[in-house]
Amino acid sequence: MREEIRGLYELIRDRFYLGDETFEVGENRYEPVALFGIITCILNGRELIFGEYGSGKTTSSERISSIMKGLPLEFVQASTIHGHPEQTEEKMKATLDLGILEREGREVVRWKISVFSPVLIIDEINRLPMGKQNIILNEIDRNIWSYRGETIVFKEDKTFFATVNYHDLGTTKMIPPLLDRFDIAIETGRIHPIRKRIIRRGIRDDVLRDRRIARELIDYIRENNESGKVDEILNFIREKSEEFKDKLEDRLRQEGFNVEIPRDDELKRMNREIEKVEVSEDVELFLDYLGQEVYCQLGLKKDFSKCDGCHYANFICSDLYAISNRAEISLFKYSKALAWIEEEDVSLEHVIALLPYVIWHRSEINYKKISEIRDMEKDCCDELYAVKDMIADVKRRWEEHRDYQIEAYRCVINEDYRRLREIARNVNHPFFKSLVREI
């Protein structure tokens, strides 16, 4: 199954999104849009894609979703939600059947296509006003859809992509709870001049289109879009998806790409294997250390204005607001998936490479840190670069304290509290203070 995924990565990288391989893990380099798009589809995760308008955010999400989920491109596009100030719950989720309401006085909810699609793209999500962003919090977090007292709880999760334009006159700030629902955030970056030539001539995606199957899917959902027919609709989508996967594989072979698209049972097996991937002890130690360093030592509610002159001003707590529990769960899921693709256990290299992409969109960054790196040459936005720089600093501190950390844990196990207090006093780091607090 790993070979299938590697083959699909190469297909997307070479045929459908021609970005540069800027994501590095050890000696391996990957194109982040293709790699994380594939992993997000396998895990049924949630991914944000940042970039300038026209940089390929939406088209890459559509193409990757079409390939990985076995859905005609037209169906993926038909189920997309578009962010704009006039967007409403009725346009995004469901409406009442006005005919039945007028004739019988009953409220029958008719759900939109996007509710049933195995993958949902929210295009330009930051054009939704802040008040309307709340409407989709539970849907993105748990794939539970509610409208006028009626609720659909899906047995299986779905994949979410959302595109984000850099700030312009039409965008609004995304609310922190919504940002925290997304596992990972990437950027569409610079593109090599030779690849740019190909893009200028247009990347054909006809192979991903099938008007007949798309029409059948759309018509079936519209005819049966009541809450009581959810299982029927999902089974129909699954059948048509398998049919399209067979056709897509044949079409791609004719173009010289001998790839296999994973079926539903294979995707489930992949997730079971990914879940079993081991995590190295160094990863656990590093995350224990980082998780305590990010806390403010002067109070539970962080205020960057307190950092000036603070004893801990050189730690990550003075630069990064928080690392949420959801962020750590996302980090584990994506690290395990990446390690599974590379046929390895989760190493510190995997975690250090992934951490910035998991937390840069979720957490406020001190403006002083941004000002430090604003004028440096870099191949990503200021916020992502700042988090990469912070994590590198934490790693250096952790390497100096690793042996003390292991000894401190031994002291806890052996109840040697005198030595534990001595280590905490000498090292004077929030991690060791946290151990002493429990005595």
Side-chain angles (χ1 to χ4, degrees), residues 19-20 22-24 30-33 35-37 40 45-53 55-57 60-61 83 122 124-128 130 133 161-190 290-291 293-296 302-305 307 313-324 326-328 330-331 334 351-395:
D20 294 353
T22 56
F23 179 71
E24 298 183 42
Y30 300 95
E31 199 293 306
V33 173
L35 175 68
F36 291 128
T40 297
R46 292 134 180 83
E47 178 182 317
L48 283 175
I49 306 177
F50 287 76
E52 299 290 358
Y53 57 86
S55 60
K57 303 183 298 298
S60 62
S61 304
I122 308 173
E124 299 189 0
I125 193 171
N126 62 333
R127 295 194 188 280
L128 289 173
M130 289 188 188
Q133 292 175 26
F161 289 98
T163 67
V164 185
N165 278 5
Y166 291 131
H167 183 68
D168 60 39
L169 291 175
T171 60
T172 59
K173 188 174 182 179
M174 291 180 67
I175 59 175
L178 181 57
L179 288 168
D180 194 39
R181 261 65 174 182
F182 285 90
D183 296 302
I184 200 159
I186 62 170
E187 294 183 291
T188 51
R190 301 186 183 113
L290 170 65
E293 185 173 311
V294 79
Y295 284 129
C296 177
K302 186 174 290 188
D303 183 348
F304 286 131
S305 66
C307 296
N314 292 325
F315 293 155
I316 198 172
C317 56
S318 66
D319 293 325
L320 189 72
Y321 191 83
I323 299 176
S324 71
R326 282 193 182 95
E328 295 199 38
S330 299
L331 176 66
Y334 277 72
V351 167
I352 295 296
L354 275 164
L355 248 175
Y357 296 89
V358 170
I359 61 178
W360 75 278
H361 64 291
R362 303 177 193 250
S363 185
E364 183 183 350
I365 300 169
N366 194 337
Y367 73 93
K368 288 188 176 181
K369 181 64 179 180
I370 296 295
S371 65
E372 286 176 16
I373 55 90
R374 188 179 298 279
D375 296 328
M376 295 180 180
E377 290 189 11
K378 45 192 170 297
D379 60 0
C380 61
C381 70
D382 292 342
E383 291 79 7
L384 181 54
Y385 186 88
V387 175
K388 288 180 179 181
D389 192 53
M390 294 177 210
I391 298 301
D393 285 343
V394 176
K395 183 173 180 287

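In this text the structure is predicted, and so the values were computed from the model without any measurement.
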For the backbone of [Y] and the side chain of [X], can you confirm whether one donor and one acceptor N or O come within less than 3.5 Å of each other?
| X | Y | answer |
| --- | --- | --- |
| His361 | Phe182 | yes |
| Asp20 | Thr22 | no |
| Asn366 | Ser318 | yes |
| Glu124 | Gly83 | no |
| Asn126 | Asn165 | yes |
| Thr40 | Glu47 | no |
| Thr171 | Arg127 | no |
| Lys388 | Ala386 | no |

[Y] side chain reached by [X] side chain, heavy atoms, under 4.5 Å:
| X | Y | result |
| --- | --- | --- |
| Ile365 | Val387 | yes |
| Leu384 | Ile186 | no |
| Leu320 | Ser363 | yes |
| Ile184 | Leu48 | no |

About how many Å separate [atom2] of [Y] and [atom1] of [X], when rounded to the nearest 0.5 Å?
| X | Y | atom1 | atom2 | answer |
| --- | --- | --- | --- | --- |
| Leu290 | Ile391 | CG | CD1 | 5.0 Å |
| Leu35 | Tyr357 | CG | OH | 10.0 Å |
| Asp393 | Ile316 | CG | CD1 | 8.5 Å |
| Asp319 | Glu364 | CG | CD | 11.5 Å |
| Asp375 | Asp382 | CG | CG | 8.5 Å |
| Lys57 | Glu187 | NZ | CD | 11.0 Å |

Check the pair Leu355 / Leu331 against side chain to side chain contact (heavy atoms under 4.5 Å, CB included), numbers first and verdict last.
-> CA-CA 7 Å; Leu355 248 175; Leu331 176 66; 3.9 Å; yes
Would Val358 and Asp183 satisfy side chain to side chain contact (heavy atoms under 4.5 Å, CB included), going step by step from the backbone distance to the final call?
-> CA-CA 6 Å; Val358 170; Asp183 296 302; over 6 Å; no
Does OH in Tyr166 sit with more than 12 non-hydrogen atoms of other residues, nucleotides or ligands closer than 6.0 Å?
-> yes
Return the set of residues passing side-chain hydrogen bond (donor to acceptor under 3.5 Å, both in side chains) with [X] (not counting sequence neighbours), or none when no residue passes.
| X | result |
| --- | --- |
| Lys173 | none |
| Ser55 | Thr188 |
| Arg362 | Asp180, Ser330 |

Look at the aromatic rings of Tyr321 and Phe304 and report parallel, tilted or perpendicular, splitting at 30° and 60°.
-> perpendicular
Is the Phe23 ring parallel, tilted or perpendicular to the Tyr30 ring (thresholds 30°, 60°)?
-> tilted
Set of salt bridge (charged side-chain N to carboxylate O under 4.0 Å, His left out) partners for Lys302, sequence neighbours left out | none
Would you please name every residue forming a side chain to side chain contact (heavy atoms under 4.5 Å, CB included) with Ser60, sequence neighbours left out?
-> Tyr17, Val33, Ile49
Partners passing side chain to side chain contact (heavy atoms under 4.5 Å, CB included) against Arg190 (at least two apart in sequence or in another chain) = Asp379
Could you go through the side chain to side chain contact (heavy atoms under 4.5 Å, CB included) check for Leu128 and Thr172 one step at a time?
-> CA-CA 7 Å; Leu128 289 173; Thr172 59; 5.6 Å; no
For the student: nearest non-hydrogen atoms of Ile373 and Lys378, plus distance | O-NZ, 2.7 Å
Does a side-chain N-to-carboxylate-O contact under 4.0 Å join Lys369 and Asp389?
-> yes
Where do Phe315 and Tyr295 land on the side chain to side chain contact (heavy atoms under 4.5 Å, CB included) test, with the steps shown first?
-> CA-CA 10 Å; Phe315 293 155; Tyr295 284 129; over 6 Å; no
